[in-house]
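Report on one structure; see the data block that follows.
Hydrogens, waters and symmetry mates are skipped; everything else that's a heavy atom, side chains included, is used.
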Amino acid sequence: MMTRISVRHPIDQMIGEEIKRLRRSAKLTQRDLAAQLDVSYQQVQKYELAVNRLPASTLFEIAKIFGVSVSDLYLQTGEEATIDPLLESALELVRLYQSIPENFRPLIKSAAQSFAQEGFRI
């Protein structure tokens, strides 16, 4: 039987370290952060140690908790952060949508669907 060797990607490690730094700076325990993310503290520990990779949605939630952008979590890697401009726009739309009162959200969704229809022209 073959044993699978786990190799941690350097960027996963750097993001984990940045999350740990932000968490400590905010004076949060792993349990505190875990409660906000609705995961176990062991899962937070695994994210910080890069044992487990972060799902995009969790990365987004972590950035929101610490008041930073997702790209800020990557900037500590020492590499040029290249985030797709479409993704940045989509994230901004999600942030804006979340700030809209729930009773208006169906109107916004309907308008977006109308704009997205094939052949729509301004």
Side-chain angles (χ1 to χ4, degrees):
M1 179 180 226
M2 276 184 128
T3 303
R4 185 174 172 206
I5 299 172
S6 175
V7 178
R8 297 178 191 151
H9 193 284
I11 291 187
D12 292 332
Q13 289 178 298
M14 288 182 230
I15 290 171
E17 290 169 11
E18 181 62 6
I19 290 168
K20 182 188 244 179
R21 186 192 70 73
L22 288 166
R23 178 181 59 75
R24 287 180 171 173
S25 166
K27 297 186 180 4
L28 294 175
T29 65
Q30 288 178 338
R31 286 185 194 276
D32 295 333
L33 181 57
Q36 291 185 51
L37 295 171
D38 197 27
V39 298
S40 69
Y41 80 90
Q42 293 97 332
Q43 188 62 52
V44 169
Q45 183 179 49
K46 289 176 182 181
Y47 292 151
E48 290 181 357
L49 296 173
V51 172
N52 289 358
R53 286 192 162 174
L54 281 149
S57 57
T58 304
L59 195 60
F60 177 79
E61 288 301 319
I62 289 170
K64 195 165 71 169
I65 288 166
F66 294 119
V68 299
S69 70
V70 171
S71 62
D72 289 339
L73 296 173
Y74 285 90
L75 292 178
Q76 300 304 318
T77 63
E79 295 184 17
E80 182 68 28
T82 55
I83 305 262
D84 184 341
L86 182 61
L87 177 59
E88 283 292 334
S89 294
L91 290 172
E92 181 61 20
L93 284 172
V94 169
R95 287 185 202 107
L96 292 169
Y97 186 79
Q98 288 176 328
S99 69
I100 295 170
E102 285 192 39
N103 57 322
F104 289 110
R105 290 180 184 176
L107 295 170
I108 301 301
K109 182 179 175 186
S110 176
Q113 287 170 331
S114 294
F115 286 125
Q117 285 179 350
E118 187 177 333
F120 178 80
R121 303 278 186 248
I122 295 180

Distance (rounded to the nearest 0.5 Å) between R53 CZ and I11 CD1: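 Rounded to the nearest 0.5 Å, the CZ-CD1 separation comes to 9.5 Å.
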More than 12 heavy atoms of other residues, nucleotides or ligands under 6.0 Å from CD of Q98: yes or no?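 Result for CD/Q98: enclosed.
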Would you find a donor on one side and an acceptor on the other, under 3.5 Å apart, between the side chain of S114 and the backbone of S110?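 The answer is yes, because a donor-acceptor pair under 3.5 Å joins these two groups.
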For K109, check side chain to side chain contact (heavy atoms under 4.5 Å, CB included) against everything at least two apart and list the hits.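 By the side chain to side chain contact (heavy atoms under 4.5 Å, CB included) rule, K109 matches Q113.
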With sequence neighbours excluded, tell me which residues meet side chain to side chain contact (heavy atoms under 4.5 Å, CB included) with P101.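 Scan of P101 (side chain to side chain contact (heavy atoms under 4.5 Å, CB included), adjacent residues dropped) gives N103, F104.
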Minimum-distance pair of heavy atoms, taken over all atoms of Y97 and R105: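 For Y97 versus R105, the nearest heavy atoms are OH-CB, 3.1 Å.
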Mind running side chain to side chain contact (heavy atoms under 4.5 Å, CB included) on V44 and I19 for me, showing each step along the way? CA-CA 9 Å; V44 169; I19 290 168; 5.6 Å; no
Name every donor-acceptor pair, under 3.5 Å, that has one atom in a side chain of residues 54-68 and the other anywhere in the protein, sequence neighbours excluded.
| unit_1 | atom_1 | unit_2 | atom_2 | d |
| --- | --- | --- | --- | --- |
| E61 | OE1 | K64 | NZ | 3.4 |

Got a salt bridge between K20 and E17, using NZ or NE/NH1/NH2 to carboxylate O under 4.0 Å?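 A salt bridge is absent here (no side-chain N lies under 4.0 Å from a carboxylate O).
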To which residues is L93 joined in a hydrophobic cluster, defined by side-chain heavy-atom contacts under 4.5 Å among Ile, Leu, Val, Met, Phe, Trp and Tyr, whether direct or through other members?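 Hydrophobic cluster check, L93: no partners found.
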For L96, the rest of its hydrophobic cluster, which grows through side-chain links under 4.5 angstrom: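 Via sub-4.5 Å side-chain contacts, L96 links to none.
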Y41, L22: one ILVMFWY side-chain cluster at the under-4.5 Å cut-off?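 Different hydrophobic clusters.
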Sequence neighbours left out, what pairs pass side-chain hydrogen bond (donor to acceptor under 3.5 Å, both in side chains) with at least one residue falling in residues 26-37?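 For residues 26-37, and leaving out neighbouring residues, the side-chain hydrogen bond (donor to acceptor under 3.5 Å, both in side chains) pairs sorted by first residue read T29-D32, Q30-E48.
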